[in-house]
Amino acid sequence: MAMNKLPRSFYIRPTLTVAKNLLGKSLVRKTHRTTLIGKIVEVEAYLGDQDPASHAYRGKTKRNDVMFWEGGHLYVYFTYGMHYCANVVTGPPNVGHAVLLRALEPIDGMDFMKAQRGSQIKDQQLTDGPAKLCEALAIDARDNGADLLGETIFITEGENIPRSQILSSSRIGITRAIAHRWRFYIRDNPWVSR
DNA sequence: TAGTTGATCGTCT
DNA sequence: GACGATCAACTAA
């Protein structure tokens, strides 16, 4: 398995392109003891000021500041009083675009992930949702603003997913801009949510 | 299996 | 003061 980090230039491209190209890549998370790896199988794109469903729609705030950083950083936010969700920031600085990581297929470190999620949990429900994958990989507010070219959390080349295996749909859990089909996922992958 | 609801709190109106 | 880019537990059928 190739372990080369994706370069900054990967992220400084149109957001919908980055979203589709993230499918199949490996998210690597280093903890003090182990290395956790998950294949990205489901994402959603959020296009800043063009997109009423985006946190960045109304401009920069204290919460969404990281969305306006240069592509290749991690935007982590807290929601529903109990969950974290992780996004990959895309594009040049001050644009406010990001790609939400919605589901992973566990590749390495499943024991750690089970310990995080509770040992009762079924394997398939370990990382099949945006808040679940954060809990499994121990991602929280401390990771907000992390550089994906750094050493604690980054993305490497995984497998290339043919265009024919990539499906799209409306985004989940939002009420605005549902006409946009900006959710992308790998066809027939059992780790995709619901 | 589909549909409903409680948990829980930071952020923005 | 209302509401989320959610999840799990519960109910009904």
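So that the names make sense, note that chain A is the first sequence line, chain B the second, and so on, each numbered from 1.
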So [X], base contact, sugar-phosphate only, or nothing? Heavy-atom distance under 4.0 Å.
X	answer
A:Ile174	sugar-phosphate
A:Thr175	nothing
A:Ala53	base

Whole Å only: how far is the [atom1] atom of [X] from the [atom2] atom of [N]?
X	N	atom1	atom2	result
A:Leu101	C:dA5	CG	P	16 Å
A:Lys62	B:dC12	NZ	P	9 Å
A:Asn64	C:dA5	CG	P	12 Å
A:His83	B:dT11	NE2	P	17 Å
A:Gln125	C:dT6	CD	P	16 Å
A:Arg117	C:dT6	CZ	C1'	11 Å
A:Leu126	C:dA8	CG	P	11 Å
A:Asp65	B:dG10	CG	P	19 Å

(message) When you compare the side chain of A:Arg29 with that of A:Asp143, does any pair of heavy atoms fall below 4.5 Å?
(response)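 Result yes, sub-4.5 Å side-chain heavy-atom pair found.
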
(message) Strictly distance-based, threshold 3.5 Å: is any side-chain N or O of A:Glu105 a donor or acceptor partner for the main-chain N or O of A:Asn189?
(response)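 Such a contact is absent between A:Glu105 side chain and A:Asn189 backbone.
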
(message) Any side-chain to backbone donor/acceptor pair from A:Asn64 onto A:Gly59? Under 3.5 Å, distance only.
(response)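 Such a contact is found between A:Asn64 side chain and A:Gly59 backbone.
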
(request) Just name whichever nucleotide pairs with C:dA5, Watson-Crick or G-U, keeping both distances under 3.5 Å, else none. (result) none

(message) Need the pair for C:dT11. Rule: Watson-Crick or G-U wobble, both distances under 3.5 Å, any strand; none if unpaired.
(response)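 The base-pairing partner of C:dT11, which may sit in any strand shown, is B:dA2.
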
(message) At less than 3.5 Å, do the side-chain atoms of A:Tyr77 and the base atoms of C:dA5 form a donor-acceptor pair?
(response) yes

(message) Taking A:Lys114 first and then A:Asp123, would you say they form a salt bridge - that is, a charged N and a carboxylate O separated by under 4.0 Å?
(response)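 Yes.
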
Look at the side-chain N and O atoms of [X] and state whether any lies under 4.0 Å from the OP1 or OP2 oxygen of [N].
X	N	result
A:Thr79	C:dA5	no
A:Arg171	C:dT6	no
A:Arg176	C:dA5	no

(message) On a heavy-atom basis, which atom in A:Leu126 and which in A:Met113 lie closest, and how many Å separate them?
(response) CG-CB, 4.1 Å

Starting the side chain at C-beta, find the nucleotide from [options] nearest to [X].
X	options	value
A:Lys132	B:dC12, C:dT6, C:dA8	C:dA8
A:Phe78	C:dG4, B:dC9, C:dA5	B:dC9
A:Arg58	B:dA7, B:dT11, B:dT13	B:dT13

(message) Against the six-membered ring of A:Phe10, is A:Arg13 placed for a cation-pi contact (under 6.0 Å from the centre, within 45° of the normal)?
(response) yes

(message) Between B:dT5 and C:dC3, how many Å separate the two C1' atoms, rounded to a whole number?
(response) 16 Å

